[in-house]
Each structure stands twice: as C-alpha cells, then as structure tokens.
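Single-structure report; data block below.
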There are 2 protein chains.
Amino acid sequence: MDQVEIFKALSNKTRLQILAWLKEPEIYFPGQLEHTGFEDGVCVGQIQQKAGLTQSTVSEYLALLQRAGLVQSTRKGQWTYYRRNEAAFEQLSKLILSEV
Amino acid sequence: MDQVEIFKALSNKTRLQILAWLKEPEIYFPGQLEHTGFEDGVCVGQIQQKAGLTQSTVSEYLALLQRAGLVQSTRKGQWTYYRRNEAAFEQLSKLILSEV
DNA sequence: AATGTATATCGGAATTTCCCGATATACCTA
DNA sequence: TAGGTATATCGGGAAATTCCGATATACATT
C-alpha cells in the first residue's frame with residue numbers, strides 16, 4: 001500500500017467523482033441496471049459518458065485507480081467492469097489516523 | 001475543506017514525513033525540547049534540517065500543508081512553529097468513508 | 001475472414017509540481 | 001542604526017501530471 005500513490009490517485013476532481021459514482025451505481029448509472037446489474041461494477045463506457053472526458057483518459061484514470069488499489073475490475077466479453085475496493089478505503093481511513 | 005487540495009498536499013513523501021514527525025515531536029526533534037517545548041509545534045529550521053531539503057522548499061511545503069488545513073502555525077519572535085491540526089485528520093478519516 | 005464495438009495503449013502539447021538558488025522581509029541584539 | 005538570524009517569496013529548470021487524438025488489441029457477430 002503505497003501511500004503517496006494512493007493520495008496522488010485521489011488528487012483529481014474527476015477521479016474523486018468516479019469513486020463517488022461507483023459508491024452508488026444504481027443511482028448514477030441507472031441505464032446499466034437492466035443489462036447486468038452492479039455486482040461487478042460499471043463498465044468503462046458508462047463512466048466515460050458521465051465524466052465527459054475522452055475514452056482514453058477515462059480508461060487511464062481507471063487503470064491508475066486500480067494500480068492504487070482503490071478499484072477492482074472484471075472483464076466480461078468486450079466489457080470491463082470497475083467497482084470500488086471498499087477494504088482499501090477502510091484501510092486508508094484508519095491509516096490517516098495511525099500513520100499520517 | 002477542498003478535498004483535492006488536501007490529497008495533493010499528501011501526495012509527497014517528504015510532506016508525509018513531516019506530518020509524521022510532527023505527530024511525535026519529542027521523539028523526532030529532541031533538540032528543541034529544552035528551549036521551548038512543543039505546545040506550538042516545531043520551528044521551520046528543525047524541520048528543514050531533518051528533511052534534508054533547502055530552507056525555501058521546506059518553508060513552501062509547510063505553507064502548502066497549512067493552506068490545506070493540515071497544520072497550523074504560530075509566530076514567536078523570529079521563529080515560526082508548525083504543529084498538526086489533528087481535527088483535520090479526524091475529519092479526513094471520516095470523509096474518506098462517507099464522501100470519497 | 002471481415003466488420004463493428006469496447007477497452008487499452010501510445011505520443012505529445014499544455015499545465016502543474018518539485019526543488020533549487022537568490023533575494024526579500026521580519027525580528028532581535030549590539 | 002547596523003548586522004545577524006529565521007522565515008517567506010520569487011524566478012526558473014527538470015520532471016510529473018492532465019488530457020487529448022490516433023492507434024492497437026480483444027471480443028462478438030455475420
């Protein structure tokens with residue numbers, strides 16, 4: 001758990017937004033529900049649309065968040081679904097009180 | 001409380017070190033104890049020495065941490081003492097669970 | 001095999017961050 | 001007032017980040 005890498009990942013408004021959206025996908029991505037549900041998270045395209053940035057940028061942001069350990073992904077067919085890694089946030093919350 | 005600004009402030013190894021040092025000044029800055037104690041924190045010069053960066057860099061890092069609300073300062077004579085703002089860390093810890 | 005769709009990766013321009021040396025400001029003492 | 005010490009601010013080169021368009025890869029369908 002590289003602290004600096006985690007905080008860098010969180011140092012961007014769009015990435016914070018994405019994390020907030022992934023917390024309540026049923027609210028922020030209602031369009032996906034009927035297709036696949038949210039067990040595996042939300043696919044890149046849905047996130048990209050909502051973020052209003054290019055596909056390449058959003059894909060890189062998600063990869064960055066994953067390298068930091070804040071999200072996890074599942075590939076299903078041509079879609080990659082991203083979901084939050086809640087354990088990482090719990091850990092981070094504690095770490096801020098104990099180590100930072 | 002600007003989340004991005006806070007996470008940017010934490011996205012640097014030296015600044016994280018400084019915050020950790022200020023958590024236990026009596027351990028990391030034993031030289032200052034006999035002079036002034038630690039009620040107001042630690043002066044810039046002591047922190048600079050320990051960080052091993054230039055005076056200007058450390059001064060700017062402390063100002064940056066202060067703008068993010070993570071530390072507070074007290075001027076006494078020619079010295080500026082910096083100490084942690086523990087309330088900010090408590091808030092941040094909770095914020096990571098509730099908002100991020 | 002050929003085409004279409006979803007995502008990842010590459011190359012790069014613009015901006016920001018990192019960290020420095022030089023200089024300015026504040027305060028203290030003789 | 002002059003000189004010394006502590007800190008803040010300024011200007012800038014190097015490196016990292018932001019975000020893009022173009023291209024590559026992966027999978028599905030026909």
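- When each of B/Gly52 and A/Trp79 is assigned the nucleotide of DNA chain C with its nearest heavy atom, A/Trp79 is the one assigned upstream, toward the 5' end.
- Nucleotide C/dT7 holds its P atom 9 Å from the OH atom of A/Tyr82, rounded to whole Å.
- Within the 4.0 angstrom heavy-atom criterion, no nucleotide atom of any strand lies near A/Thr14.
- Side chain of B/Gln72 to main chain of B/Gln66: no donor-acceptor pair is present (N/O by atom type, distance under 3.5 Å, no hydrogens or angles).
- At a threshold of 4.5 Å between non-hydrogen side-chain atoms, the residues A/Val100 and B/Leu92 do not count as touching.
- Picking from C/dC27, C/dA22, C/dT7 the nucleotide with the shortest atom distance to the side chain of B/Gln78 gives C/dC27.
- Residue-level contact check: B/Ser59 touches the bases, meaning some heavy atom is under 4.0 Å from a base atom.
- For B/Arg75, whose side chain is taken as the heavy atoms from C-beta onward, the closest listed nucleotide among C/dC27, C/dC18, C/dT5 is C/dC27.
- When the nucleotides D/dA22, D/dT18, D/dG4 are ranked by their closest atom to the side chain of A/Asn12, D/dT18 comes out on top.
- Side-chain atoms of A/Ser93 come within 3.5 Å of backbone atoms of B/Ser93 as a donor-acceptor pair (strictly under, hydrogens ignored).
- In this structure, B/Leu62 and A/Lys76 both approach DNA chain D, and ranking their closest nucleotides by distance from the 5' end singles out B/Leu62.
- In this structure, CD of B/Glu60 is placed 10 Å from C1' of C/dC18, rounded to the nearest angstrom.
- The aromatic rings of B/Trp21 and B/Phe29 sit perpendicular to each other, their planes meeting at more than 60°, with 30° as the lower class boundary.
- The residue B/Thr57 sits close to a base: some heavy atom pair falls under 4.0 Å.
- Mapping A/Leu53 and B/Ala63 onto DNA chain D by nearest heavy atom places B/Ala63 at the nucleotide closer to the 5' end.
- Out of C/dT7, D/dG21, D/dT17, the shortest distance to the side chain of A/Cys43 is found at C/dT7.
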